[in-house]
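Here is the structure we will look at.
Ligands are counted one by one from 1 in listed order, and the atoms in each one are counted from 1 as well. What's counted below: heavy atoms across the whole structure, side chains too, no hydrogens, waters or symmetry copies.
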Amino acid sequence: MEKTDGNVSESGNEMTLDSVRDSLIRQEDSIVFSLIERAKFPFNSPTYQESHHSSSIPGISGSLIRFFVKESESLQAKAGRYQNPEEHAFFPDELPPSLVPPHTFPLVLHPAAASINVNNKIWDFYFNKFLPLLTVPGDDGNYASTASSDLTCLQAISRRIHYGNFVAEVKFRDAPHDYEPAIRAQDRDALMKLLTFEAVEEMVKKRVAKKAMTFGQEVSLNSTESQGKYKVDPPLVSRLYDEWVMPLTKLVEVEYLLRRLD
Ligand SMILES: C=C(O[C@@H]1C=C(C(=O)O)C=C[C@H]1O)C(=O)O
């Protein structure tokens with residue numbers, strides 16, 4: 001069975017809640033590593049400032065981060081990134097078509113999944129709430145590298161959150177009779193209750209903090225030196241999941257299920 005990048009790429013029929021959760025667990029590694037890389041730089045506020053008449057850079061409208069993400073997505077669209085149903089662009093409206101021959105990804109999801117995109121919410125919490133907690137204040141001039149690290153974080157987080165489509169699909173297939181009445185009634189609260197597993201969420205929060213400790217520790221040959229210094233604050237990674245990543249994953253799950261019988 002072919003596996004790519006730790007993600008389930010088996011046919012839809014073999015996808016199980018366990019295999020979907022394994023992918024989410026592997027994606028935690030990608031998210032934690034991406035945060036470690038971003039935390040290397042200070043906040044670097046010029047990356048995010050809208051360029052005004054006086055400070056505008058010829059050829060760039062809006063902030064450097066917008067420019068960087070848009071142009072990167074345009075390149076990645078041409079290289080075929082968004083043909084994968086797991087990928088969602090932050091600026092999906094102006095994307096050029098893919099230039100590479102299409103790969104046939106297994107048809108797992110209801111077509112409605114294609115219309116679910118919560119990246120504007122991800123963009124908002126990441127830049128306005130999370131980034132000031134992740135980084136130290138300051139400006140070291142590395143704006144392009146900063147934007148590049150942000151894009152890696154955003155893409156890892158977005159992929160994880162939109163994986164909620166797959167989670168919802170396997171949950172629905174495991175218990176269609178439980179979900180159908182709530183879907184017919186378009187009852188968001190009932191769907192949210194059905195798909196929530198609090199014990200799983202508690203484990204996720206503990207595991208991501210442990211990963212932040214493990215991946216973000218100072219590695220020194222003198223093992224007594226490194227204790228207690230982490231590149232990313234482990235409780236902050238738990239908080240990222242608790243306040244934003246898991247709620248938005250569940251929002252994607254609900255949005256998907258609401259349209260599952262269309
Ligand atoms: C993703 C799932 O659905 C919900 C969301 C979770 C998450 O985002 O990590 C965890 C448990 C569930 O409440 C799941 O059941 O694994």
Determine whether Lys231 and Glu37 satisfy the following criterion, salt bridge (charged side-chain N to carboxylate O under 4.0 Å, His left out), listing intermediate values before the conclusion.
CA-CA 9 Å; Lys231 299 182 178 88; Glu37 285 306 284; over 6 Å; no

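For Glu71, the side-chain contact (heavy atoms from CB on, under 4.5 Å) partners two or more places apart in sequence, or in a different chain, are Phe67. Taking the salt bridge (Lys or Arg N to Asp or Glu O under 4.0 Å) definition, one finds that Lys70 meets it with Glu94, sequence neighbours left out.
A salt bridge links Arg188 with Glu255: the distance from a Lys NZ or Arg NE/NH1/NH2 to an Asp or Glu carboxylate oxygen falls below 4.0 Å.
Among pairs with a residue in residues 129-150, those fulfilling side-chain hydrogen bond (donor to acceptor under 3.5 Å, both in side chains) read Arg38-Asp150, Asn44-Asp140, Asn44-Thr146, Tyr48-Asp150, Tyr126-Asp150, Asp139-Tyr143, Asp140-Asn142, at least two apart in sequence or across chains.
Looking only at atom types and distance, the side chain of Ser23 has a donor-acceptor partner in the side chain of Gln27 under 3.5 Å away.
Protein residues with any heavy atom under 4.0 Å from ligand 1: Arg21, Leu24, Arg160, Val167, Lys171, Leu195, Thr196, Phe197, Val200, Glu201, Val204, Met246, Thr249, Lys250, Glu253.
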